[in-house]
Chemist: 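The structure follows.
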Amino acid sequence: MRWSQAFIPTLRDDPADAEAVSHRLLVRAGYIRQLMSGIYSMLPLGQRVRAKVMNIIREEIDAIGGQEFLLPQLHPKEIWDRTGRSETMSDIMMSFEDNKGAAVVLGPTHEEIFATVSSELNSYKQLPQLWYHIQTKFRDEARPKSGLLRVREFTMKDSYTFDLDFDGLDIQFDRHYAAYVRIFERLGMNAVAVAASSGAMGGKESVEFMVASDVGEDEVAHCDACGYAANVETASSSVPDIEDPDGEFAVERFPTPGVRTIADLEGFAGGALADRQIKTLVYFLDDEIVLVLLRGDHGLQEQKLLDVTQTTRSRPAQSDEIMALLGAEAGSLGAVGVDGVRVIADEGLRGRRSMTTGANENDFHVRGVDVERDIVISQWADVRAVVDGEHCVECGNPLKVFTAIEVGHIFKLGTFYAEPLGVTVLDKDGKTVPVVMGSYGIGVERNMAASVEANHDDKGIVWPAEIAPFHVVITVLRPDDEASIEVSEKLYSELIEAGVEVLLDDRDERPGVKFKDAELIGVPFRITVGPRGIDNGVVEFVTRKSGESTEVAFDEIVSEVVRLLR
RNA sequence: CGGGACGUAGCGCAGCUUGGUAGCGCGCAUCGUUCGGGACGAUGAGGUCGCGGGUUCAAAUCCCGCCGUCCCGACCA
């Protein structure tokens with residue numbers, strides 16, 4: 001491609017509405033343009049990268065036996081009514097009527113549609129199967145953000161496996177795991193596989209692939225020593241025991257005027273340190289009101305609470321609801337003497353004595369509380385949010401907690417979907433059995449953006465060669481110089497001949513502009529052709545990532561590039 | 001959905017408080033000089049000031065309504 005003919009609208013200034021690095025750079029470097037919130041046009045450079053990302057994914061899934069499908073984007077709403085997901089997913093589902101008045105939706109995912117096809121799986125002899133497609137999804141997100149990282153229309157590779165039993169599923173799952181590891185490597189990212197909450201999805205197990213980034217929306221707890229890694233929605237940690245005072249203590253009520261928070265009580269004469277207080281939270285789990293108890297300096301991880309209670313929705317109670325239940329405002333709440341309400345206590349409170357907590361009367365607390373003696377605990381559970389620096393439950397070393405981008409998610413669904421969707425086969429004995437399923441997803445554009453988050457510097461994008469829109473840019477410093485033209489045109493055709501993707505910067509621009517643009521768009525290698533080198537029979541060869549520059553003879557440069565790209 | 005900010009030329013912004021001429025930088029076009037890290041000079045093209053209504057002799061500017069975009073939060077297989 002000749003740059004003079006290419007549509008690569010680079011911008012000198014950062015776009016005003018882009019904050020995430022990948023968003024800023026992809027817009028500035030002319031890869032994408034926004035059409036509306038969460039909806040982007042792929043410009044030629046963007047489309048080249050997107051196609052390469054899809055090809056890598058395709059290669060790796062094909063390599064583990066995947067069969068590529070292409071299912072439609074437009075679905076009859078009726079199919080979604082059957083599984084009830086037109087209701088449960090209604091807030092993100094784009095739905096409307098076609099011209100005949102039939103209710104249709106744009107698919108937010110494709111389980112239901114794959115299921116219609118898989119109904120033609122009839123016999124155990126047809127299993128296992130690995131089906132996938134790379135298709136557009138529509139999800140009407142309440143708040144799209146950070147460029148391509150969270151959008152409303154995007155491409156996803158979603159695969160589905162069908163097995164006769166859970167052993168078969170385990171094999172398919174492990175193969176996907178390995179394929180995903182290779183994919184993220186090839187995309188230039190250091191992805192960590194973490195245990196994830198299966199949440200309302202049900203199923204046996206799920207693993208998310210996470211790339212550390214400060215624009216990520218998830219938090220991961222990771223142990224460098226032993227490799228333990230989990231989404232904080234499911235992560236555990238150990239914290240040092242607190243030594244409670246010896247001796248007998250009785251529950252004693254005392255006035256605490258003006259004390260509203262844990263911190264207030266720490267500073268109050270006769271109060272207590274945070275780790276010697278009991279924090280009492282009032283939550284609705286689905287429609288039941290419950291008390292959740294934590295150590296004063298600990299925080300609640302709501303997803304863990306949902307998981308241990310097998311509920312799907314939680315919300316903090318409002319002040320009037322709290323008042324009706326306990327007769328006091330948040331800040332003076334406690335579980336001592338509370339009856340008829342489910343009390344879920346975090347493991348961190350086990351065996352604790354002589355604690356201080358609210359008295360369920362404004363401006364009063366109680367001390368001398370022995371958690372197990374004085375409080376009726378319905379359920380002990382680990383519902384505490386893991387914090388950076390706490391200790392690994394596996395090996396005891398300090399955990400790191402960091403934000404990350406979820407670049408892939410693989411699920412062992414089991415029969416969770418197969419049963420309601422009626423995906424069954426006849427086994428050897430002629431018995432109808434549900435198929436054991438797995439599902440596996442990678443967002444294409446999100447991975448493009450995540451790769452930029454991981455591969456950039458202050459000059460622009462630094463693509464891994466395999467997904468760069470071009471492998472090499474030939475920067476012609478003096479396109480008005482005959483010798484320069486001759487050399488660069490020859491190189492250009494030889495490189496193309498050698499299978500290298502070349503961008504020939506033949507624009508009538510000053511050198512500085514060309515260098516800046518080449519760096520901004522992130523082409524891995526640059527060959528600079530200028531009068532200075534021509535006199536010596538050499539070109540300058542620059543590696544984008546290292547900035548390293550060498551002089552290479554005319555007749556060696558093509559083989560050098562080919563060697564580096566291999 | 002709650003909170004905040006913003007909407008003026010392709011991009012980045014000023015002008016709005018105190019109503020009257022729509023401006024700057026970049027980019028773009030032509031010419032000239034330049035040419036190894038975002039050149040310089042000259043000339044020029046380009047704007048329904050987000051949309052609708054109101055106040056006024058007069059609205060980018062004041063008032064009302066709406067729409068859109070971003071950020072924080074809620075939400076999110």
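Every value quoted in this text rests on a predicted model; they were computed, and no experiment measured them. In what follows, chains carry the letters A, B, and so on, assigned in the order in which the sequence lines appear, proteins first and then strands, with residues in each chain numbered from 1.
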Chemist: Taking only N/O atoms, report every protein-nucleotides 5-7 of chain B pair under 3.5 Å with atom names and distance.
Modeler:
none

Chemist: Which residues satisfy the ring-ring contact (aromatic ring centres under 6.0 Å, His included) test with A:Trp3, sequence neighbours excluded?
Modeler: none

Chemist: Aromatic contact between A:Phe209 and A:Phe184, with the criterion being ring centroids under 6.0 Å apart: yes or no?
Modeler: yes

Chemist: Under the ring-ring contact (aromatic ring centres under 6.0 Å, His included) rule, collect the residues that match up with A:Phe284, sequence neighbours excluded.
Modeler: none

Chemist: Can you list the steps and then say if A:Arg507 with A:Asp517 is a salt bridge (Lys or Arg N to Asp or Glu O under 4.0 Å)?
Modeler: CA-CA 11 Å; A:Arg507 293 175 299 169; A:Asp517 271 347; 3.0 Å; yes

Chemist: Under a 3.5 Å limit for both distances, which nucleotide forms a Watson-Crick or G-U wobble pair with B:G47, could you say?
Modeler: none

Chemist: Do A:Glu219 and A:Thr403 meet the criterion of a side-chain donor-acceptor pair at a distance under 3.5 Å?
Modeler: no

Chemist: Quick one: side-chain hydrogen bond (donor to acceptor under 3.5 Å, both in side chains) partners of A:Lys77, sequence neighbours excluded?
Modeler: A:Asp81

Chemist: To the nearest Å, how far apart are A:Asp517 CG and B:C26 P?
Modeler: 17 Å

Chemist: Do A:Thr424 and A:Val435 have side chains that get closer than 4.5 Å, going by heavy atoms?
Modeler: no

Chemist: For B:C40, which nucleotide is its Watson-Crick or G-U wobble mate, given both distances must be under 3.5 Å?
Modeler: B:G32

Chemist: Looking only at side chains, do A:Gln172 and A:Thr161 share a donor and an acceptor under 3.5 Å apart?
Modeler: no

Chemist: Would you call A:Arg2 and A:Asp505 a salt bridge, using N to O less than 4.0 angstrom?
Modeler: no

Chemist: Please state how far atom CG in A:Asp91 lies from atom P in B:C1, giving the value in whole angstrom units.
Modeler: 12 Å

Chemist: Does the structure show a Watson-Crick or G-U wobble partner for B:G20, both distances under 3.5 Å? Name it, or say none.
Modeler: B:C57

Chemist: Under 4.0 Å from any atom of RNA chain B, heavy atoms only: list the residues of residues 19-34 of chain A that qualify, in numerical order.
Modeler: A:Glu19, A:Arg28, A:Gln34

Chemist: Restricting to nitrogen or oxygen on both sides, can you table the protein-nucleotides 41-43 of chain B pairs closer than 3.5 Å?
Modeler:
none

Chemist: When the distance from CD of A:Gln318 to P of B:A74 is rounded to whole Å, what number comes out?
Modeler: 16 Å

Chemist: Can you measure A:Asp458 atom CG to B:G37 atom P for me and round it to whole angstrom units?
Modeler: 18 Å

Chemist: Using the benzene-type ring in the case of Trp, are the ring centres of A:Phe525 and A:Phe541 under 6.0 Å apart?
Modeler: yes

Chemist: Does B:G10 have a Watson-Crick or wobble mate here (both distances under 3.5 Å), and if so which one?
Modeler: B:C26

Chemist: Could you state the CD-P distance from A:Glu509 to B:G36, rounded to the nearest angstrom?
Modeler: 14 Å

Chemist: For A:Arg139 and B:C75, give me the distance from atom CZ to atom P, rounded to whole Å.
Modeler: 18 Å

Chemist: Check this for me: does any side-chain nitrogen of one of A:Asp457 and A:Arg544 sit under 4.0 Å from a carboxylate oxygen of the other?
Modeler: yes

Chemist: With sequence neighbours excluded, what pairs up with A:Lys304 under the side-chain hydrogen bond (donor to acceptor under 3.5 Å, both in side chains) test?
Modeler: A:Asp382

Chemist: Hey, what's the ring geometry for A:His23 with A:Tyr40, parallel, tilted or perpendicular (30° and 60° as the breaks)?
Modeler: perpendicular

Chemist: For A:Asp508 and B:U34, what is the distance between atoms CG and P respectively, to the nearest whole Å?
Modeler: 14 Å

Chemist: A:Pro511 side chain: which of B:G36, B:U69, B:G37 is closest?
Modeler: B:G36

Chemist: Report the residues that fulfil ring-ring contact (aromatic ring centres under 6.0 Å, His included) with A:His133, sequence neighbours left out, ordered by chain and then residue number.
Modeler: A:His110, A:Phe114

Chemist: Considering only the P atoms, how many Å lie between B:G44 and B:G4, rounded to the nearest integer?
Modeler: 47 Å

Chemist: Could you tell me if A:Lys412 sits above the aromatic ring of A:Phe173, with its cationic atom closer than 6.0 Å to the ring centre and no more than 45 degrees from the axis?
Modeler: yes

Chemist: Pick the nucleotide of RNA chain B nearest each of A:Arg478 and A:Tyr160; which residue has the one closer to the 5' end?
Modeler: A:Arg478

Chemist: Report the residues that fulfil side-chain hydrogen bond (donor to acceptor under 3.5 Å, both in side chains) with A:Glu87, sequence neighbours left out, ordered by chain and then residue number.
Modeler: none

Chemist: Looking only at side chains, do A:Glu548 and A:Thr543 share a donor and an acceptor under 3.5 Å apart?
Modeler: no

Chemist: Can you list, by residue number, the residues of residues 532-550 of chain A that have a non-hydrogen atom closer than 4.0 angstrom to RNA chain B?
Modeler: A:Arg532, A:Gly533, A:Glu540

Chemist: Are the ring centres of A:Tyr160 and A:Trp131 closer than 6.0 Å?
Modeler: no

Chemist: How about A:Trp463 and A:Phe470: are their ring centres within less than 6.0 Å of each other?
Modeler: no

Chemist: Would you tell me if any nitrogen or oxygen in the side chain of A:Thr475 comes within less than 4.0 Å of OP1 or OP2 on B:G36?
Modeler: no

Chemist: What are the residues of residues 141-148 of chain A, sorted by number, that bring a heavy atom to within less than 4.0 Å of RNA chain B?
Modeler: A:Ala142, A:Arg143, A:Pro144, A:Lys145, A:Ser146

Chemist: Which protein N or O atoms sit under 3.5 Å from an N or O of nucleotides 9-16 of chain B?
Modeler:
unit_1: B:G12; atom_1: OP1; unit_2: A:Ala16; atom_2: N; d: 2.9

